[in-house]
Protein chains: 2
Amino acid sequence: MRVTIKDLAKYCGVSPGTVDRALNNRPGIKVKTKKNILEAARLLNYRPDLTARSLVKGRTMTLGIVLFDLYNRSFAQLLNAVELKARELGYHLYIALTDKDSENEKECLEYLVNHKVDGIILFTVNQGKEFEEYLHSFSTPIITIFNFLSDHWEYVGIQERKSMRDAADFIIKRGYKKFIYICPPLKYLGKSNIYTQEERLKGFLEGLSMNGIVEPPLIINHNNYLEQLKELVFNKAEKTAIVCSCDLYALEVMNYLKDKGLKVPEEVGLMGYDNIDVLKYVNPKLTTVEYPVESIGFKAVESLVHKIEHGHFLTEKSKTLDYKIVVGESI
Amino acid sequence: MRVTIKDLAKYCGVSPGTVDRALNNRPGIKVKTKKNILEAARLLNYRPDLTARSLVKGRTMTLGIVLFDLYNRSFAQLLNAVELKARELGYHLYIALTDKDSENEKECLEYLVNHKVDGIILFTVNQGKEFEEYLHSFSTPIITIFNFLSDHWEYVGIQERKSMRDAADFIIKRGYKKFIYICPPLKYLGKSNIYTQEERLKGFLEGLSMNGIVEPPLIINHNNYLEQLKELVFNKAEKTAIVCSCDLYALEVMNYLKDKGLKVPEEVGLMGYDNIDVLKYVNPKLTTVEYPVESIGFKAVESLVHKIEHGHFLTEKSKTLDYKIVVGESI
DNA sequence: TTGAAAGCGCTAACAA
DNA sequence: TTGTTAGCGCTTTCAA
């Protein structure tokens, strides 16, 4: 059996209260007594039971993070950053993956709340009034990342829309005339939160019209995008650009184009989004949009912990982080 | 304030014991009473306090996992698999990253143990008698993955040595005569656990000698491996193969060779290890060794949970998982 | 079928 | 400076 404070107290011939004072550096204890107790603790290999402490303190010094999965490179980087910062601030981390499943996400949240985490970082699939009420029913502080929920919730992310507007601008300035935009299904199961994807698309469309492009782009938003590409004929003179809302799609497209013998960017331009770290090994160099995943992780933790410890978040809701276009050779 | 069992009891005019029977499907309660209580629980938005339950049950239904970081693609995949399986079996997951720091690892372990996780999955940096004694001082079940510690510890991994022996065999059969082997520093800080790296190198050397290669390979085991490559001259007739103990190194080397205008595999052969998922976007296709990260994650969780629930691990210590050589175009 | 009460290990307020 | 004690929210045993 584990050694408890009571055991220690008995062993040292003092009371549990005194042991607690020694162990937790609380004042009102003779130096010698304290020394004795600490020594005994080491000797008997005493370990505090944090579940008991949590019960009385009402705090667990634990944060929870809810993500889709870790297949996306950026999620892993984000999680890494979050763990680092959390530990730095004295918190440990529960992780829960939703696999983009709405019910699953609720279960994850429920579990974290029941486990009394002090705060939650949420990359949500759900959205809507009902879901927000559900979230409000927990009294746990929550900060959302990437997927915006509503103004009621703290949020850390980037200016998705503006980034894609700029991307469109950039592409048009390079002389492209026709546009294909590839992104994930925009109405996943009819209720999933696809804020980032929606914003990016809107931004792209805005960018086109701002530049006087009247012909609407071909929007491909299903998982068989490669199939659909097969039906298209690319003509160098048309100056077509394929814009993907994530690098992984762009890489798939690049592979497809290579197979077809189509030269990038000579015959068709290609642009990604994310700047995942493996791009450095791929040729031609993909032009893409980079955003600071790690900063987002850091910021989210800092703000959340500030809320926990001082009652209010550190971030301003409207504040978003910078992105930048990474110029490669693909467009 | 949160609604407690006591509140529910008062509200329903019954005792806490009865509420518990209703909430946890324990027998000895009238159907009607139970129905009442459950309804009230929903109405009042009751949430069980899992820290309190843990305290009395002595179990948290939580596992902990200790990893280096999540920069390595395989670690992220592993973690994803572990989370999935853990949840499937009713457990949730604490994550702790050590950043390959030995002291940090100890802190992580200590925290998990103090938090009373029911079991730990450990990809360790530490090694040695002292560390093992330290681990024994926890009574928490531990299963090690990838980095082997000693026969005292449950282990899930692959036959590292054999895999590299086979790789050497494969390369030699392709006619290569000279060999360069690139791997991370083998004595990281003088005390880090580099089991997998050591095994792979041993396996490679065994493979060479088994095939009658007498000239020892050039072993480059520092982080400036590219610098050292610069000093070498490659000669097509020499049939040189560069073997890397991980794909990331191989990709770096590939980039370097491309810069130099050296053709792979015509002028120099290249082989990696890991089969990270982005290889499909890189040309020429890298020949590499694939191992089932996800299965390792699943197996580790299953075995650990079996230990927790039935007193013994499911895995046999000596049992390791299969790997396979993925034939690309680079060697 | 239900209630009463002890106790998990710790903290904190109060008393000595 | 130290001891005593109540109680965090839950489970569980025993009695009614």
Side-chain angles (χ1 to χ4, degrees), chain A residues 1-38 40-41 44-62 110-111 113-118 138-140, chain B residues 1-38 40-41 44-62 110-111 113-118 138-140:
Chain A
M1 275 314 298
R2 265 165 98 130
V3 177
T4 70
I5 276 193
K6 254 190 200 157
D7 298 331
L8 267 188
K10 207 171 292 170
Y11 182 87
C12 298
V14 297
S15 74
T18 305
V19 174
D20 184 62
R21 278 182 272 261
L23 256 25
N24 295 303
N25 279 317
R26 277 171 47 218
I29 183 171
K30 235 198 316 189
V31 178
K32 184 143 180 291
T33 322
K34 183 169 177 176
K35 196 169 143 273
N36 272 344
I37 295 172
L38 290 179
L44 303 186
N45 193 26
Y46 167 78
R47 312 198 156 282
D49 183 326
L50 266 30
T51 61
R53 179 182 294 168
S54 296
L55 184 57
V56 36
K57 289 243 188 196
R59 288 188 49 187
T60 53
M61 297 307 287
T62 298
E110 202 121 344
Y111 179 81
V113 169
N114 292 352
H115 237 289
K116 294 274 233 16
V117 296
D118 297 331
F138 312 141
S139 42
T140 313
Chain B
M1 276 316 297
R2 265 165 97 130
V3 177
T4 70
I5 275 192
K6 253 189 201 159
D7 298 330
L8 268 187
K10 207 171 293 171
Y11 182 88
C12 297
V14 296
S15 73
T18 304
V19 174
D20 184 64
R21 278 182 271 260
L23 257 25
N24 296 303
N25 279 317
R26 278 171 48 219
I29 183 170
K30 233 195 323 189
V31 178
K32 180 135 183 293
T33 322
K34 183 167 175 177
K35 195 167 145 276
N36 273 344
I37 295 173
L38 291 179
L44 303 186
N45 193 27
Y46 168 78
R47 313 198 155 282
D49 183 327
L50 264 32
T51 60
R53 178 180 294 167
S54 296
L55 183 58
V56 33
K57 289 238 187 196
R59 288 188 51 186
T60 53
M61 297 307 287
T62 298
E110 202 120 344
Y111 179 81
V113 169
N114 292 351
H115 238 289
K116 295 276 234 16
V117 296
D118 297 330
F138 313 142
S139 43
T140 313

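Residue numbering restarts at 1 for every chain, and letters A, B, ... go by the order of the sequence lines.
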Applying a 4.0 Å non-hydrogen cut-off, can you work out what [X] is touching in the nucleic acid: base, sugar-phosphate, or nothing?
| X | result |
| --- | --- |
| B/Arg26 | base |
| B/Thr33 | sugar-phosphate |
| A/Ile29 | sugar-phosphate |

Identify every side-chain donor-acceptor pair in residues 31-38 of chain B under 3.5 Å, counting partners at least two apart or on other chains, and give the distances.
unit_1	atom_1	unit_2	atom_2	d
B/Lys34	NZ	B/Asn25	OD1	2.8

Boundaries of the chain B footprint along DNA chain C (any atom under 4.0 Å from a heavy atom):
C/dT1 to C/dG9

Contacts of type side-chain contact (heavy atoms from CB on, under 4.5 Å), residue A/Tyr11, not counting sequence neighbours:
A/Ala40, A/Leu43, A/Leu44

For B/Ser15, which residues count as a side-chain contact (heavy atoms from CB on, under 4.5 Å) partner, sequence neighbours excluded?
B/Thr18

Would a distance-only check, ignoring hydrogens and angles, find a side-chain to backbone donor-acceptor pair under 3.5 Å from B/Asn114 to A/Leu50?
no

For A/Val117, is there any backbone N or O sitting under 3.5 Å from a side-chain donor or acceptor partner on A/Thr62?
no

Go nucleotide by nucleotide along DNA chain C from the 5' end; which of B/Lys30 and A/Arg47 gets its closest nucleotide reached first?
B/Lys30

Using heavy atoms to find the nearest nucleotide of DNA chain C for A/Lys57 and B/Leu55 separately, return the residue whose nucleotide is more 5′.
B/Leu55

From the 5' end of DNA chain D to its 3' end, which nucleotides mark the outer limits of contact with chain A, defined by a 4.0 Å heavy-atom distance cut-off (strictly under)?
D/dT1 to D/dG9

Under 4.0 Å, heavy atom to any atom of DNA chain C: which of residues 11-24 of chain B qualify?
B/Gly13, B/Val14, B/Ser15, B/Thr18, B/Arg21

Under the salt bridge (Lys or Arg N to Asp or Glu O under 4.0 Å) rule, collect the residues that match up with A/Arg53, sequence neighbours excluded.
none

According to the salt bridge (Lys or Arg N to Asp or Glu O under 4.0 Å) rule, which pairs have a member within residues 1-24 of chain B, sequence neighbours left out?
B/Asp20-B/Arg26

Please report the end-to-end axis angle for the helix from C/dT1-D/dA16 to C/dA16-D/dT1, five pairs per end, rounded to 10 degrees.
50°

5'-most contact on DNA chain D: A/Val31 or A/Lys116, nearest heavy atom basis?
A/Val31

Please list, chain by chain and in numerical order, all residues satisfying side-chain hydrogen bond (donor to acceptor under 3.5 Å, both in side chains) with B/Ser54, sequence neighbours excluded.
none

